[in-house]
2 protein chains.
Amino acid sequence: MKRNRHAHNVLPNSLGELELTLLDVVWQMPDSDARTITAELSDERTVSLSTVQSTLERLVRKNLLERKKFSHAYRYRAIQSRSELLGNLLKDVIKLLHDGKAATILSSFVNVADRLDDNALDELEQLIQHKRKETGGNRE
Amino acid sequence: MKRNRHAHNVLPNSLGELELTLLDVVWQMPDSDARTITAELSDERTVSLSTVQSTLERLVRKNLLERKKFSHAYRYRAIQSRSELLGNLLKDVIKLLHDGKAATILSSFVNVADRLDDNALDELEQLIQHKRKETGGNRE
DNA sequence: CTAAAAACCGATTCTGAGTCGAAGTTTCAG
DNA sequence: CTGAAACTTCGACTCAGAATCGGTTTTTAG
């Protein structure tokens, strides 16, 4: 085996520019076909239908989109929602750099969360309560 | 300008395999030179001194390492700690996919945090209290 | 059956990571 | 002061993934 010699990114779910843009379109308009997506795109950038098609295909291979044929065109739909993807990417990053101490994750998270308002903090507290019941008091 | 046509990864701080490995060594043994680092590495994989040097240089260019000459060799040291890097990567991911609703981040975070034990939850609650005082009750 | 639309199939470019040897430079010991 | 050892720099190359798109084949609806 040993296919690690030229692996690029150590994060498994890496995304290109266009890939993310297309994901955004599909999230906003599920079950669109390549032509529709391309048209939607033209407002921001000009890309040929072919490019869009092969990029969508790559996203299918990456298990980010699924597609089904309707009459003569594939319609694409996201497998993960935006927030699910966010969660998975966060998980990847944490898996990569997390040193075993939960505190490390926590402080990173709170630092990141500059923009948390009071409502958000309320929600977080509720989630903590929920988590406490769920685990019923375990330790590492 | 418009140099976006062939940009690879939409995450700015992408890391390669060897880069991460070298970072790990430098975190564990700060102020080592390339030779020492290479030697340390040989236990896990065999890489030439040149390769290690140019990879270290890339990490300096990426602002992850800094170096200073001691007599005739550069000694390398991390600019960001492991947990700082973790925090920055988390920030990048969130900036990329966060849809404006704090709840999205929060639920992602709690999903990620399978491994949070009671102590960690306590800590998180304290951080929330701290945050509340800091912001003094604002809303989005 | 046929024209249009879509899918499929390469080919090409660009970039970053990894790889390393060879040439150039610095340092220190004698 | 000089030369060998150690280190840095430079350039060249491979590999892989993203983006790009034109041409060919397949599918479908009228």
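Per chain, numbering begins at 1; letters A, B, ... match sequence-line order. The analysis underlying the following values was restricted to heavy atoms, covering all of them including side chains, and did not include hydrogens, waters or symmetry mates.
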**Prompt:** Can A/L59 be reached from A/L49 by stepping across I, L, V, M, F, W or Y side chains whose heavy atoms are under 4.5 Å apart?
**Reply:** no
>> Using a 4.0 Å heavy-atom cut-off, does B/R35 contact any base of the nucleic acid, only the sugar-phosphate backbone, or nothing at all?
In response: sugar-phosphate
Has B/S14 got a side-chain N or O lying under 4.0 Å from the OP1 or OP2 atom of C/dG16? no
A/L56 CG to D/dA18 P, in whole Å, measures 14 Å
* Asked: For D/dT20, does either OP1 or OP2 sit under 4.0 Å from a side-chain N or O belonging to A/T51?
  -> no
(Q) Please determine whether a side-chain nitrogen of the Lys or Arg among A/R132 and B/E125 lies less than 4.0 Å from a carboxylate oxygen of the Asp or Glu. (A) yes
B/Y74 vs D/dA6: side-chain N/O to OP1/OP2 distance below 4.0 Å:
no
Taken to the nearest whole Å, CD/A/E19 to C1'/D/dT20 is 13 Å
Practice problem: Give a yes/no on whether any side-chain N or O of B/K69 is located under 4.0 angstrom from OP1 or OP2 of C/dT25. | Solution: no
When A/R75 and A/H8 are each assigned the nearest nucleotide of DNA chain C, the 5'-most assignment goes to A/R75
Open item on the list: Once you apply a heavy-atom cut-off of 4.0 Å, does A/S54 come out as touching a base, just sugar-phosphate, or nothing?
Closed with: base
State whether A/Y76 and A/R67 meet the cation-pi test: NZ (Lys) or CZ (Arg) under 6.0 Å from the six-membered ring centroid, and within 45° of the perpendicular axis.
no
Tell me what B/S71 touches on the nucleic acid: a base, only sugar-phosphate, or nothing, going by heavy atoms under 4.0 Å. sugar-phosphate
In whole angstroms, the gap separating C1' of D/dG17 from CG of B/L15 amounts to 17 Å
To the nearest angstrom, the CD-C1' distance between A/E57 and C/dC9 comes to 10 Å
Comparing A/A73 with A/L20, nearest DNA chain D nucleotide closer to 5' gives the residue A/L20
From CZ of A/R58 across to C1' of D/dA16 the rounded distance in Å is 12 Å
Identify whether any heavy atom of B/R61 sits under 4.0 Å from a base atom; if not, whether one sits that close to sugar-phosphate; answer base, sugar-phosphate or nothing. nothing
From CD of B/Q53 across to P of C/dG18 the rounded distance in Å is 16 Å
A/H72 atom NE2 is separated from C/dA6 atom P, nearest whole Å, by 5 Å
Among D/dT20, D/dT8, C/dG18, the one nearest any side-chain atom of B/L49 is D/dT8
What verdict does the salt bridge (Lys or Arg N to Asp or Glu O under 4.0 Å) test give for A/K68 and A/D31, after you've listed the backbone C-alpha separation in whole Å, the side-chain angles of each residue and the deciding distance to 0.1 Å?
CA-CA 9 Å; A/K68 209 167 283 179; A/D31 296 301; over 6 Å; no
Any donor-acceptor pair, under 3.5 Å, between the side chain of B/S50 and the base of C/dG21, if you only look at N and O atoms? yes
To the nearest 0.5 Å, atom CG of A/N63 lies from atom CG of A/N88 at 11.0 Å
Here the distance between atom P of C/dT27 and atom CG of B/D33, to the nearest Å, is 14 Å
